[in-house]
Amino acid sequence: MDMLHGGPVVVGVDGSEPALRAVRWGATEARRRGVGLRLVAAVGWTDVTPVGVAPLGQEYERQALLRAAEDFLSDADAAATGVAPDLVVDRAVRMGAPSAVLTEESEHAALLVTGNRGRGGFAGLLLGSVGVPVAAHAACPVVVVRGDVLSRGPVVVGVDAEHSDAALGFAFDEAARRGAPVVAVHAWSEAALDPFLVPFLDWDAVRADEEAVLERALAPWVAKFPAVEVRPTVLRDNAAAALVRAAEGAVLVVTGTRGRGGARGLLLGSVSQALLHHAPCPVAVVRPEGRR
């Protein structure tokens, strides 16, 4: 049973190679979860004809975009069945801006998956124009497929004192499905402390406090998933840099939408942004329960 959301795995499709990588990742994940796969191509319609392009008529251009979207879906369907032949695949062409369409699709999805780059043109860039806003606003966890897609390795998750519960739940659930360990990374830095106090701090005591933070955060999930190996990791480092390094060789790195010190109202924090742009493996962004 999916912990955070019901429904299929939904993948955004735009005909690019990164999107096809996302389709293959999503198909494998849907098979692992025992759910269907939904492939969605969003056609963003505009009445504006680019400078230097001969106007061919709005209906002709609209039909050309729809035919291209159908072709993209056919290629994506073939990629999905190539890795999961028995998977139930649903295909849809939807009119609208890709980020808005995928955010709406997330309301009924177990997981939303995109590539880390798009083909440009009507679909736009999946990371930036689509990936970041979808990760910030989606009603279900979002995975941006980037870096090395490995079949074996740990699930890495970032842990802070306030916003990690949903991310931890997702990470432990994924690790249990894969038979993988969880590497739980809690990074702390004196940059967040009062600079006048830094010279007088007992760093051994600070580290002990930070280890206690991680232990408390992990305790309910260790109890719920006793078969999952857990590797607690406490680092005196910048959180984003620590997670990017820890994600080397991982099958997935998981983060919440906000971390410690996030500005009020900022839906996607600096750590999530850094991972979406620099992680060496697929990135899952999980919003806290109750913020769907």
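Heavy atoms only: backbone and side chains are in, while hydrogens, waters and symmetry mates are out.
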Grab the two heavy atoms, one from A239 and one from V271, that are nearest each other, plus how far apart they are. CB-CG2, 3.9 Å
Check against side-chain hydrogen bond (donor to acceptor under 3.5 Å, both in side chains), S151 and R178: CA-CA 9 Å; S151 58; R178 297 165 181 266; over 6 Å; no
Applying salt bridge (charged side-chain N to carboxylate O under 4.0 Å, His left out) to R31 and not counting sequence neighbours gives none
Is any side-chain N of the basic residue among R67 and E70 closer than 4.0 Å to the acidic one's carboxylate O? no
Compile the donor-acceptor pairs under 3.5 Å between side chains in residues 78-90 and protein atoms, sequence neighbours left out, one pair per line.
| from | atom 1 | to | atom 2 | distance (Å) |
| --- | --- | --- | --- | --- |
| T81 | OG1 | D77 | O | 3.0 |
| T81 | OG1 | A78 | O | 3.2 |
| D90 | OD2 | R38 | NH1 | 2.4 |

Examine distances only and state if a side-chain atom of T255 and a backbone atom of V283 form a donor-acceptor pair shorter than 3.5 Å. no
All salt bridge (charged side-chain N to carboxylate O under 4.0 Å, His left out) counterparts of E215, not counting sequence neighbours: none
So, the side chain of S106 versus the backbone of A139: is there a donor-acceptor pair under 3.5 Å, distance only? yes
Going by heavy atoms in the side chains, are E210 and R236 under 4.5 Å from each other? no
Does any part of the side chain of L252, heavy atoms only, come nearer than 4.5 Å to the side chain of F170, both counted from C-beta? yes
With A76 via side-chain contact (heavy atoms from CB on, under 4.5 Å) - residues at least two apart: V13, L20, V23, L39
Between R24 and E29, does at least one N-O distance fall below 4.0 Å, as a salt bridge requires? no
Do V11 and L37 come within less than 4.5 Å of each other through their side chains, counting heavy atoms only? yes
Would you confirm whether R146, through its side chain, and H277, through its main-chain N or O, come within 3.5 Å as a donor-acceptor pair? yes
Quick one: do D165 and W221 satisfy side-chain hydrogen bond (donor to acceptor under 3.5 Å, both in side chains)? Show the steps, please. CA-CA 9 Å; D165 213 40; W221 301 106; 3.0 Å; yes
Closest heavy-atom contact between V142 and A138? CG2-CB, 3.4 Å
Side-chain donor or acceptor of D148 paired with backbone N/O of L150 under 3.5 Å: no
Which heavy atom in G12 sits nearest to a heavy atom in L102, and how many Å separate them? CA-CD2, 3.9 Å
Return the set of residues passing salt bridge (charged side-chain N to carboxylate O under 4.0 Å, His left out) with E248 (not counting sequence neighbours), or none when no residue passes. none
Closest approach of A69 and V43, non-hydrogen atoms and distance? CB-CG2, 3.8 Å
Contacts of R216 meeting salt bridge (charged side-chain N to carboxylate O under 4.0 Å, His left out) (sequence neighbours excluded), chain-then-number -> none
